[in-house]
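I have placed the structure first, in the form of structure tokens, so that the comments after it can refer back to it.
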Amino acid sequence: MRDVLKQRLLHDIWNVAAILAIAFFVLSRVPPLATALTTYATFYGDMFLLNKVRDFKIAIPKDPVALTTAPENADVVVIGDSFFNVHYEQPEFPYRLAAKTGLAMYHAPTDARYHTSPSVFFRDHPESKPRVVIWEQVERGVVDLHQRFEPSRTRDLLSLVPRSWKTTSVFRAYERGADAIFNTQPLYFFLENSRLTAPIYETLYTWRFHLNRDLSPRTPEFSLDPRMVFFDTELRNARRAVTDAELRAMADRVEREVSLLRDQNIATIVVILPSKYTVYRDLLSDHSYNQLLPRLEQELSTRDIPMINMLPAYEDAARIGDDFLYYPSDTHWTPEASDMLIERLSNKLSEMLPR
Amino acid sequence: MSAPVLYSQDMLFNSLQFILFFIVVVAVYFWLPPRVRWILLLLASYYFYMSWKPEYAVLLLATTLIDYLVALLLERLRAKRFRIVLLCISLASNFGMLFLFKYYTFVSDSLRGVLDAISMPTDIPSMQLLLPVGISFYTFQTVSYVIDVYRRTQRAERHFGYFALYITFFPQLVAGPIERASHILPQLRRVNTFEYRRVAEGLKLIAWGLFKKVVIADRLAELVNLVYNNPSEHAGVTILLATYFFAFQIYCDFSGYSDIAIGTARVLGYDLMQNFNRPYLAQNITDFWRRWHISLSTWLRDYVYYPLGGNRLGLSRQYVNLLITFLASGIWHGANWTFVLWGLLHGAYNVIGRLTLPLRDRLYKRLAWSAQTIRVIRVMITFHLVSVGWVLFRANSLRDAGLLFRNLFARANWDGLVAVASDAHVMLSLVWIGVLVASEVFFSGGRFQIAFSRQPALIRWAGYAIITAVILLFGKAGGNDFIYFQF
């Protein structure tokens with residue numbers, strides 16, 4: 001009798017869990033319901049889960065505005081990593097740059113293969129013939145990335161499909177269908193942020209943080225201001241000695257990419273953004289810095305590759321201004337910092353592409 | 001920062017996505033009448049596979065179709081000549097696909113290198129296709145079925161749905177165990193009910209597998225990756241520690257996967273074969289291969305070693321057969337010279353082990369130590385021989401492997417060890433390894449489960465709560481891939 005009861009109880013619990021799982025999946029796919037039930041507090045950012053820890057939580061709203069220009073129609077293709085994707089409080093960076101310059105701009109999907117080797121993007125998208133590429137990278141780990149990450153040249157089955165087929169309605173329907181069925185981002189987003197489940201995540205993350213302080217493989221280190229958190233990766237990379245040989249190797253790769261694009265009549269603007277640590281390192285007792293950005297700028301200039309280095313401007317702004325250029329509990333820049341780059345890039349683009 | 005089992009885009013066993021998928025599949029499975037359950041499992045298995053890359057399901061379907069038809073014809077035809085042609089068609093299509101996706105780039109690059117070296121540059125076309133997840137596993141599974149039908153030790157399955165499900169059954173689709181048709185097909189026709197005891201057993205296995213994967217394997221991976229991805233920057237005991245860690249990482253990663261696979265199938269009412277049996281307690285290399293990745297070892301024994309003649313054609317031929325079989329095992333694991341050497345090394349271990357057996361027996365007899373002491377020594381020696389092999393297995397290239405061996409003996413590097421050991425996570429990893437070793441040494445053959453199931457409910461539920469808490473709070477973040485997915 002007891003066994004029968006146990007069995008019935010377990011089966012009932014299982015069924016309830018299944019119904020809940022189906023409900024979450026459906027809710028996450030119905031935008032009005034998902035929006036009504038979601039706090040939209042935080043989602044993007046390298047340390048976005050840290051924002052779930054009660055001690056560090058800051059509200060970072062999400063703005064869904066994105067660029068829609070097709071790659072084949074773009075004057076400028078923007079290739080970058082998460083800094084160009086995070087769009088806290090504002091539309092994402094390329095959208096704002098397009099609005100400022102009035103140029104047709106395409107934002108390449110965030111893909112490590114692309115932002116380490118933009119030429120791979122043009123191999124994957126031969127229809128794209130822009131006049132300028134803005135190639136953005138972030139200082140932290142950039143040397144290692146270029147040293148160790150030769151982008152994979154592997155192709156999946158879809159890359160074997162003839163280009164003419166990819167524009168057919170059947171193929172597009174397949175892509176839309178596959179995305180609707182297999183893309184789990186909406187479900188994860190819903191679970192992370194819905195009013196029903198977010199408190200569970202918040203509690204769990206807070207416990208994990210207090211227990212072992214390693215919610216991340218990149219354990220954060222605290223500055224003198226306990227509300228400003230730094231990435232361990234940033235600290236290690238900014239403090240480790242980068243040899244001249246390493247610097248030259250990276251410059252070689254950048255030069256090779258720039259030259260590959262030049263062969264296709266595409267000009268490249270190289271942007272290497274400073275890490276938060278580099279800008280705010282004075283907040284830490286040990287603020288040693290390997291001077292990567294100034295050295296890299298100089299190395300590239302000897303090869304006639306102008307690089308946009310925002311470090312001096314950011315350092316000045318950080319000294320003078322009250323606004324944060326980077327979020328205290330995330331590694332990414334705030335609109336104040338991205339606006340400064342937009343200004344610099346729009347000037348540069350108006351020189352390169354006079355109207 | 002991300003959490004275990006809470007965030008991953010892929011349908012990994014250690015992802016929240018899989019847990020929700022599994023809960024729904026099990027519930028719907030038991031809601032449905034038994035005669036249509038295979039449809040649900042087949043759809044679920046394809047969904048599971050397609051959540052990685054939908055278009056790759058075409059390959060799975062092609063393999064299934066070809067082998068289904070070939071097997072039916074093999075059973076009907078009597079003429080040996082036609083049967084051999086059919087077998088060759090099946091083997092060519094299966095191994096052809098495997099070669100194209102897994103080995104073509106390796107072979108063409110190697111060939112190009114050789115031709116360049118002898119000043120005969122040739123333009124060999126490059127493919128570099130993305131490897132379909134689990135292709136080595138499902139190819140071996142379907143090949144075993146066709147060969148068994150050819151040998152007439154297995155009836156051809158007439159029901160296409162059941163056959164397709166045998167190939168794609170999601171718990172074992174992407175990383176095994178490599179099941180035989182004779183074990184799985186009869187089970188697919190069985191009517192299963194939601195049974196408390198079996199569901200509870202399955203859930204316990206899943207929890208134990210998750211513990212091994214996210215708490216032990218993924219934690220150990222931090223130091224292992226640090227050292228093995230930067231071999232020139234490490235030396236001495238740091239490399240030694242990273243190698244020991246890798247030995248436990250790969251064991252916990254793969255056996256953790258197998259536990260979850262077996263547990264998942266058990267909840268649904270199916271039994272998968274045991275894939276690991278405390279391999280690091282093996283007393284020699286032959287014994288190790290009886291305990292490690294059992295489904296692959298037995299596959300290689302039945303479809304490579306025995307057909308080559310096994311030990312029936314004299315000693316020297318047996319040694320050649322052993323080397324060929326282990327070479328095949330190395331190549332199966334990956335298209336890299338490191339795996340080729342790793343396979344040959346294990347082949348050589350086996351041959352040398354057999355050659356020196358009388359000598360070692362005499363030595364142990366002369367030493368007159370207790371059986372227990374000798375057993376411990378044998379276990380330690382075997383573990384270290386296997387660990388030498390793991391250096392080749394984990395190194396990113398032959399050059400890295402050479403560098404690791406050289407740096408291992410170049411200097412002791414105690415400073416490096418102190419730096420590593422002062423990391424709280426490394427110490428925590430050692431605690432988890434201790435838990436694992438204790439569980440394997442002191443509780444063989446499910447004795448722990450039996451002892452635990454006899455405890456009062458309060459203690460049992462406290463145990464479940466503790467293991468869940470440990471997984472959620474100490475599990476490594478990020479939903480890392482299982483190592484064997486790449487094979």
Side-chain angles (χ1 to χ4, degrees), chain A residues 3-11 14-22 24-25 46-53 144 148 152-161 174-175 177-179 181-185 187-188 191-192 201 204-205 207-209 211-220, chain B residues 1-4 6-11 15-17 19-28 30-31 47 50-56 58-59 101 105 126-132 193-197 199-200 203 218 221-222 229-230 267 396 424-425 428 469 472-478:
Chain A
D3 285 350
V4 174
L5 275 176
K6 265 163 50 175
Q7 177 150 322
R8 193 170 293 169
L9 182 66
L10 181 62
H11 201 178
W14 199 290
N15 286 337
V16 170
I19 290 165
L20 275 176
I22 294 169
F24 283 140
F25 185 81
D46 289 323
M47 299 166 86
F48 70 91
L49 293 182
L50 195 58
N51 285 308
K52 301 263 176 211
V53 178
D144 293 346
R148 301 197 183 110
S152 166
R153 304 267 161 185
T154 49
R155 313 160 81 101
D156 62 17
L157 278 185
L158 283 188
S159 69
L160 303 179
V161 174
Y174 162 76
E175 282 191 318
D179 185 63
I181 297 169
F182 298 111
N183 179 7
T184 47
Q185 275 280 6
L187 177 64
Y188 278 117
L191 291 172
E192 290 264 354
Y201 280 79
L204 184 60
Y205 294 144
W207 283 0
R208 279 174 65 88
F209 183 76
L211 266 173
N212 48 25
R213 290 203 165 180
D214 83 321
L215 290 153
S216 159
R218 301 149 291 200
T219 312
Chain B
M1 171 175 63
S2 47
L6 292 176
Y7 187 86
S8 167
Q9 268 302 293
D10 295 326
M11 183 80 88
S15 68
L16 180 63
Q17 187 189 348
I19 292 170
L20 296 179
F21 161 85
F22 176 59
I23 288 171
V24 172
V25 169
V26 171
V28 178
F30 289 110
W31 292 344
Y47 179 86
M50 290 168 79
S51 65
W52 169 66
K53 277 205 178 281
E55 55 276 13
Y56 275 73
V58 172
L59 302 176
F101 283 93
T105 303
S126 173
M127 300 276 284
Q128 294 187 313
L129 291 168
L130 181 67
L131 184 68
T193 52
F194 190 93
E195 206 181 291
Y196 178 85
R197 186 187 51 78
V199 172
L203 290 178
D218 289 351
E222 288 181 31
N229 291 340
N230 311 281
V267 170
N396 295 328
H425 296 144
L428 201 57
L472 288 173
L473 296 174
F474 293 101
K476 168 73 168 32

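None of the values given here were measured: they were computed from a predicted structure.
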Output for pair (Asn15(A) CG, Leu10(A) CG), nearest 0.5 Å, gives 9.5 Å
Residues passing the side chain to side chain donor-acceptor pair (under 3.5 Å) test with Arg8(A), sequence neighbours excluded, are none
The interface call for Phe21(B) against chain A, heavy-atom contacts under 4.5 Å, is neither
In terms of heavy-atom pairs under 4.5 Å with chain A, the winner among Leu129(B), Val58(B), Asn396(B), Val25(B) is Leu129(B)
Okay, Ile181(A) and chain B: the region with an atom under 4.5 Å from a heavy atom over there is both
Taken to the nearest 0.5 Å, the spacing of Phe22(B) CZ from Leu203(B) CG works out to 6.5 Å
For Tyr174(A), the side chain to side chain donor-acceptor pair (under 3.5 Å) test, sequence neighbours excluded, returns Glu55(B)
Distance col, row Lys53(B):NZ vs Leu59(B):CG, nearest 0.5 angstrom, shows 12.5 Å
Okay, Val26(B) and chain A: the region with an atom under 4.5 Å from a heavy atom over there is both
Whatever's closer than 4.5 Å to a heavy atom in chain B on Leu157(A) counts as both
